[in-house]
Visitor: 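The structure is given below, and queries will be raised subsequently.
For this chain, numbers begin at 1 and follow the sequence in order.
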Amino acid sequence: MAEENKTQVMEFVLMGLTDLPGLQVPLFLVFLVIYLTTMVGNLGLVALIWKDTHLHNPMYLFLGSLAFADACTSSSVTPRMLVNFLSKNHAISLSDCLAQLYIFGSSATTECFLLVVMAYDRYVAICNPLLYPVMMSNNLCTQFIGVSYFIGFLHSAIHVGLLFRLTFCRSNEIHCFYCEIIQLFKISCTDPTVNTLLVLVFSAFVQVFTFTTVMVSYTRVLFAILKKKSEKGRSRAFSTCSAHLLSVSLFYGTLFFMYVRPGSGYTEDHDKIYSLFYTIIIPLLNPFIYSLRNKEVIGALRRIMKK
């Protein structure tokens with residue numbers, strides 16, 4: 001009866017990165033530049049791949065889809081954070097909070113599976129080059145992308161749907177700059193054990209499964225590269241795969257620290273740093289990781305600029 005008499009919270013307050021007044025405007029300017037650069041980098045890469053026919057192949061189809069997922073990840077978090085830097089009202093409604101969580105979760109899970117199909121694409125291209133046009137047809141690639149997004153939407157829908165079994169009346173303060181699901185569990189009046197367990201199990205399964213698949217693919221790619229007799233062939237293959245491996249390392253390293261780690265020994269500041277790196281920094285870096293050393297992307301950009 002006591003729990004029933006408590007007022008249910010329908011609005012939360014995002015505590016943000018810091019409460020120091022002197023840092024709000026400088027942080028706004030920094031993250032505004034980061035967000036604009038992220039959007040130009042990712043959406044520009046999507047537009048470039050769509051516009052240039054030389055990039056109409058499986059590898060760049062996957063890369064464009066990854067860039068779009070990164071743009072969604074950043075857009076689900078950064079705009080509200082920018083507003084909160086300049087506003088004294090950091091409130092977010094329950095519906096907006098759940099919507100933000102859903103978009104962020106969908107994009108994150110989709111990215112996990114896109115990295116898998118990108119690794120498989122490189123495996124087929126290097127280990128079975130003669131069968132590549134058959135094994136990686138545009139139709140099959142479209143199906144891979146569709147399945148990746150579907151799993152992302154479904155996975156996020158499960159966790160957001162389960163949040164409706166919780167009530168929030170203990171506090172309305174979320175000690176993060178966005179609606180992070182673990183933070184919601186901390187302020188729930190209902191026992192969140194089931195939710196927490198499912199997040200841990202699902203996150204661990206998705207991350208371990210996709211990471212293992214990526215590593216198996218690249219292990220086989222590595223052996224295939226080492227067997228190549230041509231030094232030029234080895235160099236080109238390593239160059240093609242190095243960007244993907246760097247992106248995979250940043251992505252999964254941060255994810256494992258965020259969701260598959262012991263709870264003790266970590267502060268809220270640690271959590272904010274991991275969240276910041278994953279939600280904002282990685283989407284900023286990815287388009288440049290994949291583009292700066294990619295001769296085909298640079299060539300396509302030059303052709304567009306000459307027109």
Visitor: Decide if atom CE of Met10 counts as having more than 12 heavy atoms of other residues, nucleotides or ligands within a radius under 6.0 Å.
Guide: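 Atom CE in Met10 is not crowded, with 12 or fewer foreign heavy atoms closer than 6.0 Å.
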
Visitor: Checking Thr78 against Ser74: is there a side-chain donor and acceptor pair closer than 3.5 Å?
Guide: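 Yes, side-chain donor-acceptor contact under 3.5 Å.
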
Visitor: Please lay out, stage by stage, how Lys186 and His175 fare under the test side-chain contact (heavy atoms from CB on, under 4.5 Å).
Guide: CA-CA 10 Å; Lys186 291 180 180 179; His175 291 275; over 6 Å; no

Visitor: Of all heavy-atom pairs between Cys179 and Leu101, which one has the smallest distance, and what is that distance?
Guide: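 Closest approach of Cys179 to Leu101: O-CD1, 3.4 Å.
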
Visitor: So with a 6.0 Å cut-off around CZ of Phe68, is the heavy-atom count from everything else above 12?
Guide: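 Check fails, neighbour count at 12 or below.
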
Visitor: Does anything in residues 10-24 form a side-chain hydrogen bond (donor to acceptor under 3.5 Å, both in side chains)? List the pairs, not counting sequence neighbours.
Guide: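 As it turns out, there is no side-chain hydrogen bond (donor to acceptor under 3.5 Å, both in side chains) pair with a partner in residues 10-24 once direct neighbours are skipped.
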
Visitor: Nearest 0.5 Å please: distance from the CG atom of Asn172 over to the CG atom of Leu94.
Guide: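 If we round to the nearest 0.5 Å, Asn172:CG and Leu94:CG are 11.5 Å apart.
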
Visitor: Mind checking whether Leu36 and Met39 have side chains closer than 4.5 Å, heavy atoms only?
Guide: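 Not touching, per the 4.5 Å side-chain cut-off.
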
Visitor: Angle between ring planes, Phe113 versus Phe209, binned at 30° and 60°: parallel, tilted or perpendicular?
Guide: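 Rings of Phe113 and Phe209: tilted, 30 to 60°.
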
Visitor: Testing the 3.5 Å rule here: is there a donor-acceptor pair between the side chains of Thr210 and Tyr252?
Guide: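 There is such a pair between these side chains.
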
Visitor: In terms of relative ring orientation, are His159 and Phe202 parallel, tilted or perpendicular, with 30° and 60° separating the classes?
Guide: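 His159 and Phe202: perpendicular rings.
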
Visitor: Is it the case that the side chains of Ser75 and Tyr35 hold a donor-acceptor pair, with the cut-off being a distance below 3.5 Å and no angle test?
Guide: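 Yes, because at least one side-chain N or O of Tyr35 sits under 3.5 Å from a partner of the opposite role on Ser75.
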
Visitor: Supply the atom-to-atom distance Tyr60 OH to Leu66 CG, rounded to the nearest 0.5 angstrom.
Guide: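 CG of Leu66 is found 13.5 Å from OH of Tyr60.
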
Visitor: Verify the ring-centre separation between Tyr290 and Phe62: is it less than 6.0 angstrom?
Guide: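 No - the distance between ring centres of Phe62 and Tyr290 does not fall below the 6.0 Å cut-off.
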
Visitor: Quick one, Met135 with Tyr120, criterion side-chain contact (heavy atoms from CB on, under 4.5 Å). Give me CA distance, side-chain angles, the key distance, then yes/no.
Guide: CA-CA 10 Å; Met135 296 179 68; Tyr120 177 70; 3.4 Å; yes

Visitor: Give the ring-plane orientation class for Phe12 versus Phe168, where under 30° counts as parallel, over 60° as perpendicular and anything between as tilted.
Guide: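 Ring orientation of Phe12 relative to Phe168: perpendicular.
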
Visitor: Will you find, in the side chains of Ser137 and Asn139, an N or O donor that is under 3.5 Å from an N or O acceptor?
Guide: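 No donor-acceptor contact under 3.5 Å links the two side chains.
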
Visitor: Write down the atom of Ile103, the atom of Cys72, and the distance for their closest heavy-atom approach.
Guide: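 Closest pair (atom of Ile103, atom of Cys72, distance): CG2-O, 4.1 Å.
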
Visitor: Looking at the rings of Phe251 and Tyr278, which for Trp means the six-membered one, are their centres under 6.0 Å apart?
Guide: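 Aromatic pair counts; centres sit under 6.0 Å.
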
Visitor: For the atom pair CG (Leu29) and CD1 (Ile34), what is the distance rounded to the nearest 0.5 Å?
Guide: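 Spacing of CG (Leu29) from CD1 (Ile34) equals 11.0 Å.
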
Visitor: Answer yes or no: does atom NE2 of His54 have more than 12 heavy-atom neighbours from other residues, nucleotides or ligands under 6.0 Å?
Guide: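 No.
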
Visitor: Measure the spacing between CG of Leu162 and CD1 of Ile158 and express it to the nearest 0.5 Å.
Guide: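 If we round to the nearest 0.5 Å, Leu162:CG and Ile158:CD1 are 7.5 Å apart.
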
Visitor: Under the side-chain contact (heavy atoms from CB on, under 4.5 Å) criterion, do Tyr178 and Ile92 qualify, and how do the steps go?
Guide: CA-CA 9 Å; Tyr178 73 105; Ile92 181 172; over 6 Å; no

Visitor: Please confirm whether the backbone N or O of Val297 pairs with a side-chain atom of Asn294, one donor and one acceptor, at under 3.5 Å?
Guide: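 Yes; at least one donor-acceptor contact below 3.5 Å.
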
Visitor: Checking side-chain contact (heavy atoms from CB on, under 4.5 Å) between Val214 and each of Val248, Val117, Thr219, which is the one that passes?
Guide: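 So, applying the side-chain contact (heavy atoms from CB on, under 4.5 Å) to Val214 and each of Val248, Val117, Thr219, only Val248 qualifies.
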
Visitor: Check step by step if side-chain contact (heavy atoms from CB on, under 4.5 Å) holds for Leu163 and Tyr102.
Guide: CA-CA 11 Å; Leu163 284 174; Tyr102 179 76; over 6 Å; no

